[in-house]
Amino acid sequence: MFGPESRVVVVVGAQWGDEGKGKLVDVLAERADWVVRYQGGANAGHTVDLGDRSFVLHQIPSGILHPGVRCAIGNGVVLDPDTLFDEVDGLVQAGVDVEGRLYVSGRAHLVLPYHKLVDAESASSRAIGTTGRGIGPAYEDKVARRGVRVLDLRYPDRLRELVSKGAEHAQWRLKRYGSDTTIDVDAIVTKLEQLAKRLVPLTDDISLTIYRAVKSHASVLLEGAQGSLLDIDHGTYPYVTSSSTTAGGAAIGVGIGPNLVDRVLGVVKAYTTRVGNGPLPTELGEPLQTEVRGLGNEFGATTGRPRRCGWFDAVVVRYATRVNGLTDLAVTKLDVLDTLDSLQLCVGYEIDGELHQEFPSDLMALERAVPRYERFEGWKCSTAAARTLTDLPGAARRYLDRIESLVEAPITYVSVGTRRDQIIGL
């Protein structure tokens, strides 16, 4: 994974999120010096199963579960300071040593209580199907230059001024939405001053620290949240998140030059899922939808919402390969398909009578897309114990080979279970 030619590796979701990035980062972090989250916020839910214990990490990088690995939250993240320390305290109670291993960019913006209020009352947020964690409104304030950054916690007078400005705008929005909720600026400032006692000591110039680490030949994993098809620019807009989820966002969200990135590993499920509204061309009908959801335990780690399930969409993943510059691919949850009699794999879309093999940028065209499938026989046996490619049944290998040829990226990892050891490195 890491070597002289591969020191900085980006791990990115190549579908609509929930691909299993947390497990891959956890597996790869064993050989990393640093793991850095570069975008998103507490709307992420990276699950790592260590056998007898399962951890769901929302903001802290998945590498925290490996002793000695240092973890950082980059400037591209919008940080919820309250829930961050809930997460820290939960890890400590579980016996994970966090002391001296977690760093936070001073440039990261804060998610504040009024962001969550606006998110909850916004009709557009409900229509898109956001997590309601205040992520979108926090990014809006960032772009509008009225955000509050971690480094502002050092200056009480400035902090109050910024919170008052943000709260005033949020109060105006709430009134427009018909809400009579009143924002208590004093309570927010008081809580932030309390949290600052723990957060300010973690603050660092992550851009400089990671640059120096790379120059000293450290191994760095850059961990993304959500998936490529939820990217604010390259996803299925407007049914997207509020940040750049693709590999290009990694350099921006950490503060290093893109020329320092050596490898971009895309993570995909052996099928497709999506949470919330928006297009999902290969979505399954019933009763297969419910069956696959149950087999894969497809419920959001952050919200608990049921995920929509579909067949593997090679058009989507080939698009993700292009916009991310994927060097290779990890396929997760192959074992979920073990009991199915047959599988289908989307190789193209028919739109208005024409076959398309590239993902359309026009959402209206995508809504008219009819998937065209290739059918594969199921392997009807467990893959959970497979640790090498030859351990997999022939039907499973043929399925993976076809995916690899269609998406134009080599498969280097196959996950066959939730545990850390249930993975094949090819």
Side-chain angles (χ1 to χ4, degrees), residues 37 39-45 56-60 73 75-90 104-200 202-203 225 241-243 276 300-305:
R37 263 285 300 276
Q39 50 75 222
N43 54 344
V56 179
L57 300 168
H58 299 282
Q59 300 183 89
I60 297 175
I73 295 172
N75 58 274
V77 174
V78 286
L79 184 73
D80 186 329
D82 202 358
T83 61
L84 172 69
F85 289 111
D86 289 341
E87 202 168 322
V88 168
D89 294 341
V104 178
S105 172
R107 294 184 174 95
H109 282 246
L110 298 177
V111 177
L112 299 176
Y114 52 76
H115 293 133
K116 298 176 186 179
L117 290 173
V118 169
D119 210 0
E121 296 293 336
S122 170
S124 62
S125 293
R126 291 193 296 271
I128 292 169
T130 70
T131 61
R133 297 298 196 271
I135 306 302
Y139 275 117
E140 287 182 54
D141 276 3
K142 175 180 179 177
V143 174
R145 301 171 183 84
R146 56 172 170 264
V148 182
R149 299 192 292 176
V150 172
L151 57 81
D152 294 318
L153 296 175
R154 297 171 176 164
Y155 310 104
D157 291 342
R158 176 169 171 76
L159 177 65
R160 177 173 289 276
E161 177 185 345
L162 291 170
V163 171
S164 298
K165 183 178 180 180
E168 181 181 4
H169 179 77
Q171 192 74 73
W172 172 78
R173 291 185 67 177
L174 290 172
K175 186 176 181 180
R176 285 188 61 203
Y177 297 152
S179 172
D180 58 2
T181 302
T182 300
I183 298 170
D184 189 337
V185 171
D186 288 337
I188 294 173
V189 171
T190 298
K191 185 62 180 291
L192 287 176
E193 288 173 343
Q194 294 170 348
L195 290 169
K197 297 173 185 176
R198 298 185 69 181
L199 186 52
V200 169
L202 304 181
T203 305
T241 193
S242 301
S243 59
T302 298
T303 64
R305 291 183 296 178

(message) Looking at every non-hydrogen atom in both residues, tell me the closest pair between Thr203 and Gly106 and how far apart they are.
(response) CG2-CA, 3.4 Å

(message) According to side-chain hydrogen bond (donor to acceptor under 3.5 Å, both in side chains), who are the partners of Asp86, at least two apart in sequence or on a separate chain?
(response) none

(request) Could you tell me whether the side chain of Glu193 reaches within less than 4.5 Å of the side chain of Pro156, counting heavy atoms only? (result) yes

(message) If you apply the rule side chain to side chain contact (heavy atoms under 4.5 Å, CB included), what do you find for Ile135 with Asp119, and how did you get there?
(response) CA-CA 8 Å; Ile135 306 302; Asp119 210 0; 5.5 Å; no

(message) For Tyr139 versus Gly76, what's the shortest heavy-atom pair and its separation?
(response) OH-O, 2.6 Å

(message) Is it the case that the side chain of Arg176 and the backbone of Gly178 share a donor-acceptor pair, with hydrogens and angles ignored and the cut-off at 3.5 Å?
(response) no

Only distances under 3.5 Å count here; give the side-chain donor-acceptor pairs of residues 110-117 to other protein atoms, sequence neighbours excluded, each with its distance to 0.1 Å.
{"unit_1": "His115", "atom_1": "ND1", "unit_2": "Leu112", "atom_2": "N", "d": "2.9"}
{"unit_1": "His115", "atom_1": "NE2", "unit_2": "Asp141", "atom_2": "OD2", "d": "2.8"}
{"unit_1": "Lys116", "atom_1": "NZ", "unit_2": "Asp80", "atom_2": "OD2", "d": "2.6"}

(request) Indicate yes or no for a side-chain donor-acceptor contact from Glu87 to the backbone of His58 under 3.5 Å, with no hydrogens or angles considered. (result) yes

(request) Mind checking the CZ-CZ spacing from Arg154 to Arg149? Nearest 0.5 Å is all I need. (result) 10.5 Å

(request) Would you check, one step at a time, whether the test side chain to side chain donor-acceptor pair (under 3.5 Å) holds for Thr83 with Gln59? (result) CA-CA 9 Å; Thr83 61; Gln59 300 183 89; 3.0 Å; yes

(message) Would you compute the distance between atom CD of Glu140 and atom CZ of Arg146 and round it to the nearest 0.5 angstrom?
(response) 7.5 Å

(message) Which residues pass the side-chain hydrogen bond (donor to acceptor under 3.5 Å, both in side chains) test with Thr190, not counting sequence neighbours?
(response) none

(request) Search all heavy atoms of His109 against all heavy atoms of Gly147 and return the closest pair with its distance. (result) ND1-CA, 3.6 Å

(request) Could you pull out the closest heavy-atom pair between Gly40 and Asn43, with the gap in Å? (result) C-OD1, 3.9 Å

(message) Just to verify, what does Lys191 make a side chain to side chain contact (heavy atoms under 4.5 Å, CB included) with, not counting sequence neighbours?
(response) Asp82, Gln194, Leu195

What donor-acceptor contacts under 3.5 angstrom involve side-chain atoms of residues 157-164, with partners at least two apart or in another chain?
{"unit_1": "Arg158", "atom_1": "NE", "unit_2": "Asp152", "atom_2": "OD1", "d": "3.1"}
{"unit_1": "Arg160", "atom_1": "NH1", "unit_2": "Asp186", "atom_2": "OD1", "d": "2.8"}
{"unit_1": "Ser164", "atom_1": "OG", "unit_2": "Arg160", "atom_2": "O", "d": "2.8"}

(request) Could you list the residues that satisfy side chain to side chain contact (heavy atoms under 4.5 Å, CB included) with Gln171, not counting sequence neighbours? (result) Leu174, Thr182, Ile183

(message) For Pro137 versus Val118, what's the shortest heavy-atom pair and its separation?
(response) CG-CG1, 4.0 Å

(message) With a 4.5 Å cut-off on side-chain heavy atoms, are Leu199 and Leu79 touching?
(response) yes

(request) Determine the minimum heavy-atom distance between Ser243 and Gln39, stating which atoms define it. (result) OG-NE2, 2.8 Å

(message) A side-chain contact here means heavy atoms from C-beta on lying under 4.5 Å apart; do Lys175 and Trp172 qualify?
(response) no

